[in-house]
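Below is one structure, written out as structure tokens; the observations come after it.
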Amino acid sequence: MKTPIPAELPAETTVEIAHGTAAVIEAWQGQLLTIEDMDGDRAAQLYAFTRADPAEFLSPHHTRVFSNSYRLGLGMRLVTNRRRPLMVLGRDSAGAHDLLMPASTRASLAQAGRPDGQGTREILMETLGAARLDMPKIPDPVNLFLDVVVERDGRLVPTAAIAKPGRSITCRVLIDCRFVVIAGPNDLGIADGRGPLRALVGNAL
């Protein structure tokens, strides 16, 4: 079953996100969301909340169960906490790197005390507050531009991906959403660069 895409899509937008900051980006059904790591040396955290109901959000947990994978792959559907497809990964210039890992509480607490800036949750809450958005629940993020090592005993060890300037992912949005993109620090406690991210909402590749 497919939901018809509106005949006219909203205007395209581009936002640059400096290290240690976040941006709220609106995208409508049928539009394309691209996240680009401009310097190729940093991770990104991606959240999404549906416009119709902020209590429905992009869920890494349900996506892991739905796809039986801790990695994103081309054609994979990222789903909400209500198991509805929210977007589909259509292009990935970085390769197998995107993670659907649970956030580490220990890493988050350590990051929150870093002398060079706030932790991811603090940045997120500050950004939502500035946009006057009150979300009933804050889920784990989808972690982009990271890699994962699978140990012989089955343990999953997230690591920094090989640097590649300009690497990006592009997803087709299936539900009208507000996205939040954070340019670090990541919740998994992995050191990364201080370069900017770029988020683009477009209507065609």
Side-chain angles (χ1 to χ4, degrees), residues 10-29 31-38 42-64 72 77-82 84-89 98-105 107-108 111-112 114 117-146 168-190 192 194-202:
E12 300 181 330
T13 59
T14 300
V15 179
E16 189 167 311
I17 309 164
H19 171 78
T21 67
V24 177
I25 302 147
E26 294 194 352
W28 299 81
Q29 177 195 356
Q31 290 194 300
L32 300 168
L33 174 69
T34 297
I35 309 298
E36 181 184 359
D37 176 17
M38 298 167 65
R42 68 161 309 102
Q45 291 76 52
L46 177 67
Y47 299 83
F49 304 87
T50 65
R51 286 185 56 88
D53 183 2
E56 183 176 13
F57 47 77
L58 174 60
S59 171
H61 168 72
H62 289 86
T63 301
R64 288 193 297 270
L72 296 181
R77 293 185 177 187
L78 287 80
V79 303
T80 72
N81 54 316
R82 296 175 186 166
R84 289 203 303 161
L86 186 146
M87 58 185 182
V88 178
L89 180 61
D98 312 299
L99 300 184
L100 300 168
M101 298 284 289
S104 166
T105 302
S108 297
Q111 293 286 0
R114 279 172 47 155
Q118 298 171 297
T120 299
R121 186 177 181 85
E122 288 71 26
I123 295 172
L124 174 65
M125 298 308 294
E126 183 178 285
T127 301
L128 291 175
R132 297 183 179 180
L133 298 174
D134 182 18
M135 301 307 181
K137 183 176 179 180
I138 303 301
D140 283 342
V142 173
N143 295 284
L144 305 177
F145 308 120
L146 294 173
S168 66
I169 69 162
T170 299
C171 294
R172 181 167 294 279
V173 178
L174 304 177
I175 302 175
D176 298 347
C177 283
R178 290 187 177 96
F179 292 91
V180 181
V181 182
I182 302 181
N186 61 77
D187 280 336
L188 298 172
I190 299 168
D192 56 6
R194 304 181 70 89
L197 299 172
R198 180 184 289 141
L200 305 93
V201 177

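With a 4.5 Å cut-off on side-chain heavy atoms, Gln45 and Asn143 count as touching. When side chains are defined from C-beta on, Thr80 does not count as touching Ser59, because their heavy atoms never get closer than 4.5 Å. For the pair Ile25 and Val181, the minimum side-chain heavy-atom distance is below 4.5 Å. Annotation: side chain of Leu58 is in contact with side chain of Met87 (closest heavy-atom distance under 4.5 Å). The closest side-chain heavy-atom distance from Leu124 to Val180 is below 4.5 Å. Arg77 has its side chain out of reach of Thr63: every pair of non-hydrogen atoms, C-beta onward, lies at least 4.5 Å apart. Tyr47 has its side chain within reach of Ile138: a pair of non-hydrogen atoms, C-beta onward, lies under 4.5 Å apart. When side chains are defined from C-beta on, Val173 does not count as touching Leu32, because their heavy atoms never get closer than 4.5 Å.
With rounding to the nearest 0.5 angstrom, the CG atom of Leu78 is 6.5 Å from the CG atom of Leu100. With rounding to the nearest 0.5 angstrom, the CD atom of Glu36 is 6.5 Å from the CG atom of Leu200. Remark: Asp140 CG to His61 NE2 distance equals 10.5 Å, nearest 0.5 Å. With rounding to the nearest 0.5 Å, the separation of CG in Leu72 from CD1 in Ile169 is 6.5 Å. Taking CG of Asp192 as the reference point, atom CZ of Arg42 lies at 4.5 Å (rounded to 0.5 Å). In this structure, CG on Leu46 lies 7.5 Å from SG on Cys171, to the nearest 0.5 angstrom.
Pairing each heavy atom of Pro54 with each of Phe49, the nearest pair is O-CD2, 3.6 Å. Scanning both residues, Ala18 and Ala183, for their nearest heavy atoms gives O-CB, 3.4 Å. Minimum interatomic distance between Ala44 and Leu197 (heavy atoms only, all atoms of both residues): CB-CD1, 3.4 Å. Among all heavy-atom pairs drawn from Ile35 and Ala199, the shortest one is CD1-CB, 4.0 Å.
A salt bridge links Arg82 with Asp53: the distance from a Lys NZ or Arg NE/NH1/NH2 to an Asp or Glu carboxylate oxygen falls below 4.0 Å.
Looking only at distances, no side-chain donor or acceptor of Thr21 sits under 3.5 Å from a matching main-chain atom of Ile17. Distance alone, capped at 3.5 Å, is enough to place a donor-acceptor pair between the Asn81 side chain and the Phe57 backbone. The main-chain N or O of Pro10 is found under 3.5 Å from a side-chain atom of Gln31 such that the two form a donor-acceptor pair. Under a 3.5 Å cut-off, the side chain of Asp37 and the backbone N or O of Gly195 do not form any donor-acceptor pair. Looking only at distances, no side-chain donor or acceptor of Thr170 sits under 3.5 Å from a matching main-chain atom of Thr34.
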### Query
Do Glu56 and Arg84 pass the side-chain contact (heavy atoms from CB on, under 4.5 Å) test, and can you show the C-alpha distance, the side-chain angles, and the key distance before you say yes or no?
CA-CA 9 Å; Glu56 183 176 13; Arg84 289 203 303 161; 2.9 Å; yes
### Message
I'd like to know whether Arg198 forms a side-chain contact (heavy atoms from CB on, under 4.5 Å) with Thr14, so could you lay out the CA-CA distance, the side-chain angles of the two residues, the decisive distance to 0.1 Å, and finally the verdict.
### Response
CA-CA 7 Å; Arg198 180 184 289 141; Thr14 300; 3.8 Å; yes
Would Val201 and Phe179 count as a side-chain contact (heavy atoms from CB on, under 4.5 Å) if you check the C-alpha gap in whole Å, the side-chain angles of each, and the deciding distance to 0.1 Å? CA-CA 10 Å; Val201 177; Phe179 292 91; over 6 Å; no
inquiry  = Please evaluate residues Cys177 and Leu86 with respect to the criterion side-chain contact (heavy atoms from CB on, under 4.5 Å), reporting the C-alpha separation (whole Å), side-chain torsions for both, the decisive distance (0.1 Å), and the verdict.
reply    = CA-CA 8 Å; Cys177 283; Leu86 186 146; 3.7 Å; yes
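Under the side-chain hydrogen bond (donor to acceptor under 3.5 Å, both in side chains) criterion, Glu26 pairs with Arg51, Arg178, sequence neighbours left out. Residues passing the side-chain hydrogen bond (donor to acceptor under 3.5 Å, both in side chains) test with Arg64, sequence neighbours excluded: none.
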In residues 127-136, what donor-acceptor pairs under 3.5 Å come from side-chain atoms, sequence neighbours left out?
residue : atom : partner : partner atom : Å
Thr127  : OG1  : Ile123  : O            : 2.8

